[in-house]
Amino acid sequence: MAASAELRDLLAGSPLDVAPRLLGAVVRHGEVAVRLTEVEAYAGADDPGSHAYRSRTPRNEVMFGPAGHLYTYFSYGMHVCANVVTGLPGTASAVLLRAGEIVEGHDVARSRRGSSTERDLARGPARLCQALGITLEHGGVDLLAGPVLLELDEPTAAGAVSTGPRVGLRGAPDRPWRFWITGESTVSAYRPAKRLTPPNQPR
DNA sequence: AGGGTGATTAGG
DNA sequence: CTAATCACCCTC
């Protein structure tokens with residue numbers, strides 16, 4: 001419909017524009033819905049922090065496709081993280097869903113997350129996927145068709161959005177491409193990227 | 001503060 | 001084939 005076409009067009013924009021626009025949006029999977037409070041932009045071939053920086057591979061294939069699909073990846077031997085693909089086909093840009101607040105399906109989310117405080121249910125990219133029940137099988141699904149759905153809300157006021165460096169990256173730690181809703185308690189704790197070599201002269 | 005965990009990737 | 005790396009989470 002018209003609304004879907006508008007959303008698709010919006011997602012086809014630059015990840016730097018799409019990322020803040022996704023704040024406040026709802027991701028829904030079955031009974032569980034999460035309101036996004038924190039995201040990060042990844043700009044494909046131009047971005048040393050992106051999975052698509054070096055080359056097109058089986059893993060990052062989905063990112064090269066049309067906007068609005070889900071890019072999932074398996075991380076650190078046990079976690080799943082999810083991105084919304086943005087930009088035009090071939091650009092391989094995406095927005096990582098870093099954290100959110102459970103707005104529906106608390107019971108289901110809690111049972112998936114084991115022992116967790118309410119605040120930590122979807123605080124962090126892997127926790128968010130776990131709470132929503134997103135697995136690697138959802139890689140490539142169209143967020144406008146389901147079973148995982150994206151429901152956009154009104155834009156979050158620019159004044160309510162904070163930006164800063166992305167979390168946990170070795171490449172391009174200087175780009176302030178992390179966006180979150182100012183003052184939200186569900187935003188993940190900032191962890192600076194690990195250094196490859198410790199500083200020579202701590203002072 | 002440290003470890004678990006296994007896919008993915010580049011390189012020989 | 002090998003070894004290094006990794007957009008993380010949990011427990012100590």
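Only heavy atoms go into these numbers, but all of them, side chains included; no hydrogens, no water, no symmetry mates.
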Discussion item. What is the separation between atom CG on Asn60(A) and atom P on dT9(B), rounded to the nearest whole Å?
Written reply: 7 Å
Discussion item. Below the 4.0 Å mark, does dA7(C) have OP1 or OP2 next to a side-chain nitrogen or oxygen of His51(A)?
Written reply: yes
Worksheet item: Are any non-hydrogen side-chain atoms of Arg28(A) and Glu151(A) less than 4.5 angstrom apart?
Response: yes
Item to complete: Spell out, as yes or no, whether a donor-acceptor pair under 3.5 Å connects the side chain of Asn60(A) to the backbone of Ser55(A).
Response: yes
Worksheet entry | Arg112(A) side chain to Gln130(A) side chain, donor-acceptor N/O pair below 3.5 angstrom | no
For nucleotides 5-8 of chain B, tabulate all protein N/O to nucleotide N/O atom pairs closer than 3.5 Å, reporting atom names and distance.
| unit_1 | atom_1 | unit_2 | atom_2 | d |
| --- | --- | --- | --- | --- |
| dT5(B) | O2 | Tyr76(A) | O | 2.9 |
| dG6(B) | N2 | Tyr76(A) | N | 3.4 |
| dG6(B) | N3 | Gly77(A) | N | 3.4 |

Discussion item. Does Gly49(A) reach a base, just sugar-phosphate, or nothing at all? Heavy atoms under 4.0 Å.
Written reply: base
Practice prompt. Please report the closest heavy-atom contact between Pro125(A) and Leu96(A), naming both atoms and the distance.
Written response: CB-CD1, 4.2 Å
Fill in: Contact summary for Pro48(A) and Arg175(A), nearest pair of heavy atoms
CD-NH2, 3.3 Å
Taking N or O atoms only and anything under 3.5 Å, show me the protein contacts with nucleotides 10-12 of chain C, one pair per line.
| unit_1 | atom_1 | unit_2 | atom_2 | d |
| --- | --- | --- | --- | --- |
| dC10(C) | OP1 | Arg113(A) | NH1 | 3.0 |
| dC10(C) | OP1 | Arg113(A) | NH2 | 3.4 |
| dC10(C) | OP2 | Arg127(A) | NE | 2.9 |
| dC10(C) | OP2 | Arg127(A) | NH2 | 2.8 |

Worksheet item: In whole Å, what is the span from the OH atom of Tyr53(A) to the P atom of dT9(B)?
Response: 16 Å
Worksheet entry | Polar side-chain atom of Arg110(A) near backbone of His106(A) as donor-acceptor pair, under 3.5 Å | no
Fill in: Smallest separation among heavy atoms of Arg166(A) and Tyr42(A), with atom names
NH1-CD2, 3.2 Å
Practice prompt. Round to the nearest Å and state the distance from Glu61(A) atom CD to dT9(B) atom P.
Written response: 11 Å
Worksheet item: Nearest-Å distance, CZ (Arg170(A)) to C1' (dA10(B))?
Response: 14 Å
Response to the item:
When rounded to whole Å, the CG to P distance for the pair Asn83(A) and dC8(C) reads 11 Å
Worksheet item: Do the side-chain N or O atoms of Arg98(A) get closer than 4.0 angstrom to the phosphate oxygens (OP1, OP2) of dC8(C)?
Response: yes
Worksheet item: Donor-acceptor pair, Glu38(A) side chain versus Ser188(A) backbone, under 3.5 Å?
Response: yes
Item to complete: Can you tell me the distance, in whole Å, between the CZ atom of Arg166(A) and the P atom of dC6(C)?
Response: 13 Å
Fill in: Ile181(A) versus Arg35(A), closest heavy-atom pair with distance
CD1-NH2, 3.6 Å
Fill in: Closest non-hydrogen atom pair between Val85(A) and Met63(A), with its separation
CG1-O, 3.7 Å
Item to complete: Could you tell me whether the side chain of Ser93(A) and the main chain of Pro15(A) form a donor-acceptor pair under 3.5 Å?
Response: no
Discussion item. Pairs counted only when both distances fall under 3.5 Å, Watson-Crick or G-U: show me the 5' to 3' dot-bracket for DNA chain C, [ ] for pseudoknotted crossings and | for other-strand partners.
Written reply: ||||||.||||.
